[in-house]
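Only a predicted model underlies this, so the values are computations on that prediction, with no experimental measurement involved.
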Amino acid sequence: MIITFPDGSQREYQNGSTALDIAASISPRLAKATLGCAIDGERADAFRPIEQDCSLKLLTFEDADGRWTLRHTGSHILAQAVKRLFPETKLAIGPAIENGFYYDFDRDESFTPEDLDRIEKEMNKIIAENLKEERFELPREEAIAFMEERQEPYKVELIRDLPEDAVISFYRQGDFVDLCAGPHVASTGKVKNVKIMSVAGAYWRGSEKNKMLQRIYATAFEKKADLDEYIQRIEEAKKRDHRKLGRELGLFMLLDEGPGFPFFLPKGMVLRNTLIDYWREIHKRYGYVEISTPIILRRTLWERSGHWEHYKQNMYTTIIDEEDFAVKPMNCPGGMLVYSSEPHSYRDLPLRCGELGLVHRHELSGALHGLFRVRCFTQDDAHIFMTPEQMKDEIKNVVRLFDEVYSTFGLKYEIELSTMPEDHIGTVEEWEHNQDILKEAITDMGKTFVVNEGDGAFYGPKLDFHIADCLGRTWQCGTIQLDSQLPERFELEYVGADGEKHRPIMIHRVVFGSIERFIGVITEHFAGAFPTWLAPVQVKVLPLTDRTLAVSKDIADQLDKAGVRVEVDDRNEKLGYKIREAQLQKVPYMLVIGDRDVEKGVVSVRSRSKGDLGAMTLEAFQAMVREEIATKAL
């Protein structure tokens, strides 16, 4: 058989050779590093015989699919360890995920920290045993009987839900067998460095109607140094957890009385409003007008937009005057009504309408996560109505705006193009044309992108902007969605230069994604130490004695009139305590006012990042801070 490698080269091998055999023929080191393979683009076991001509990619830990294969085997090792220690436990599912894997278990008792330590030790024993992985298949009824005999009801349910003609495969490692599509590494000894990270609750199949299971999260790395570095990053991420910092800094709170509905506190509102002020400033500069549309609208509108059919399970609905209404999950249909409220000429286009719209989406309680996944949020939306000829330039204009915003926060990004999903409206030709426009616009700007097949919105392809924080974690915030469908559904029109009526094209786009989520992202990115322009309190004035209290308040008044957010700490506490408190609150600047400072007409300045800056006049300090605020310095 002929094997074609990724570089286009070809070699002939005996039928039945495995990817591991082929790797060994190239070099022993490659064979040792090979974790899996891709045969004609599909992930596969490296130990499975290959019987015909194909393209072959050997996967190592450097490849995402190689890491996935190793960690997927890690999930089986985790399950085997649990079954050895707690045989009565029922198995659910155990996939590989980004940076690790998990397995869901049904067990009457909760896993304790001591249990997790025992499980991790047992995993290491299984790895040391270097158990060979074996794949086998069974007909449907035999597979059901096989799992029933092992008293695994969740596996039986999964098999019954598979198509009648599905290939039902299992993997065996020693005395452990699990239902699995694979692939896996050749033996458990390949997995090496494992670490259990946490345990959490998870509903079976993600439904609140089903039983709550226990989900054990873990990870695996090829090298111990990489595992140690990852754990260190996780510990740093815990310190930066926006939920923890939100409480400590008095920004927001999350209560059982409103799950998924965050409460913003006074300092959080300062941060939020500063972001919104910046949003308005930059959008005005880029030629947007601002609108506001109602939160609740008639069902007929959502049917017309397609949301009632394609998105109803995520919408909150109500009845008013015996008619169905829906709380808006997005701002688009209201934006359509604003556009259609008056006639438009081609001279009016492009029309860029921005909206800070409060939207509500029903999320499962198990999916809620601080400000990152909520049920109500302010979407910093904009809808751009344009002629077909303006499409590419408008996309570029949006990307330039994104560039400016993200660089202001010191955030880098990568772009992902999501293409036509199965559940779409509009013709294939329209989709392909719009996808090409997005590609050309990005390429013209000298930017690169990756393709995410089949993940576009139901009405059009999109560009998603994944921003990276200081720990290298990525967050999907900005998006540009190109839409020919809603203008058609809402019969939007403009009069062209030819005097005839035409249909506009539309862009949906957000830059923050949502105000709430973006606050969560930057809180973790800056570890709560926001740059001066964003900090809820920019300066804390610390009077050293009661004698300097009046002067301290006068200094604060002057800073306040100059547009600086300032507080006076007039508590009867020692200076060291006040300084520590201000540092814990991550205030950018502290002004210590003692008797000598008053005599000399100066302020003693301490910087959050640079420490003691010495004495300077209030005018000089004020000018320095105002410059930082005006330039949005990082």
Margin query: If you apply the rule salt bridge (Lys or Arg N to Asp or Glu O under 4.0 Å), what do you find for Lys57 with Asp63, and how did you get there?
Written below: CA-CA 10 Å; Lys57 182 179 181 182; Asp63 303 292; 3.7 Å; yes
Checklist line | Under 3.5 Å donor-acceptor, Asp7 side chain and Ser9 backbone | finding: yes
Notebook entry, point to check: Hey, is the main chain of Asn434 close enough, under 3.5 Å, to the side chain of Glu432 for a donor-acceptor pair?
Noted result: no
Item checked: The single option from Lys239, Arg240, His242, Arg243 passing side chain to side chain donor-acceptor pair (under 3.5 Å) against Glu524 -> His242
Notebook entry, point to check: Is Asp444 reaching over with its side chain to a backbone N or O of Ala441, donor-acceptor style, under 3.5 angstrom?
Noted result: no
Next item on the list: Taking all non-hydrogen atoms of both residues into account, name the closest pair between Phe111 and Leu116 and its distance.
Entry: CB-CD2, 4.1 Å
Checklist line | Aromatic ring proximity Phe221/Tyr230, centre distance under 6.0 Å | finding: yes
Check: Between His525 and Arg473, do the side chains contain an N or O donor and an N or O acceptor separated by less than 3.5 Å?
Finding: no
Checklist line | Expected output: side-chain Arg215 to main-chain Ala200 donor-acceptor under 3.5 Å | finding: no
Margin query: Working note: Phe402 + Ile480, criterion side chain to side chain contact (heavy atoms under 4.5 Å, CB included); need CA distance, chi angles, decisive distance, verdict.
Written below: CA-CA 10 Å; Phe402 284 13; Ile480 302 172; 3.9 Å; yes
Check: Phe372 and Trp475: aromatic ring centres closer than 6.0 Å?
Finding: yes
Next item on the list: Find the distance between OG (Ser365) and CZ (Arg373) and round it off to the nearest 0.5 Å.
Entry: 12.5 Å
Checklist line | Qualifying residue, where the test is side chain to side chain donor-acceptor pair (under 3.5 Å) with Tyr459 and the options are Glu488, His424, Gln481 | finding: Gln481
Item checked: Donor-acceptor pair between Ser169 and Glu137 side chains, under 3.5 angstrom -> no
Check: Where the side chain of Arg172 meets the backbone of Glu133, is there a donor-acceptor pair that is under 3.5 Å apart?
Finding: no
Margin query: Under a 3.5 Å threshold, yes or no: a donor from one side chain and an acceptor from the other, between Tyr154 and Asp104?
Written below: no
Next item on the list: Give a yes or no on whether the backbone of Met1 and the side-chain of Asp53 come within a donor-acceptor separation of less than 3.5 Å.
Entry: no
Check: Is the number of heavy atoms from other residues, nucleotides or ligands under 6.0 Å of Gln151 CD greater than 12?
Finding: no
Check: Does Glu430 use its side chain to pair, donor to acceptor, with the backbone of Thr427 at less than 3.5 Å?
Finding: yes
Next item on the list: Check the side chains of Thr219 and Asn99 for a donor-acceptor pair under 3.5 angstrom, ignoring hydrogens and angles.
Entry: no
Margin query: Against Gln80, only a single residue in Asp178, Leu91, Ile126 fulfils side chain to side chain contact (heavy atoms under 4.5 Å, CB included); can you say which?
Written below: Ile126
Note to self: What I want to check is whether the side chains of Glu414 and His466 have a donor and an acceptor closer together than 3.5 Å.
What the structure shows: no
Notebook entry, point to check: Side chains of Tyr13 and Asp21: is there a donor and an acceptor less than 3.5 Å apart?
Noted result: no
Next item on the list: Measure from NZ or CZ of Arg107 to the centre of the six-membered ring of Phe86 and say whether it is under 6.0 Å with the direction within 45° of the ring axis.
Entry: yes
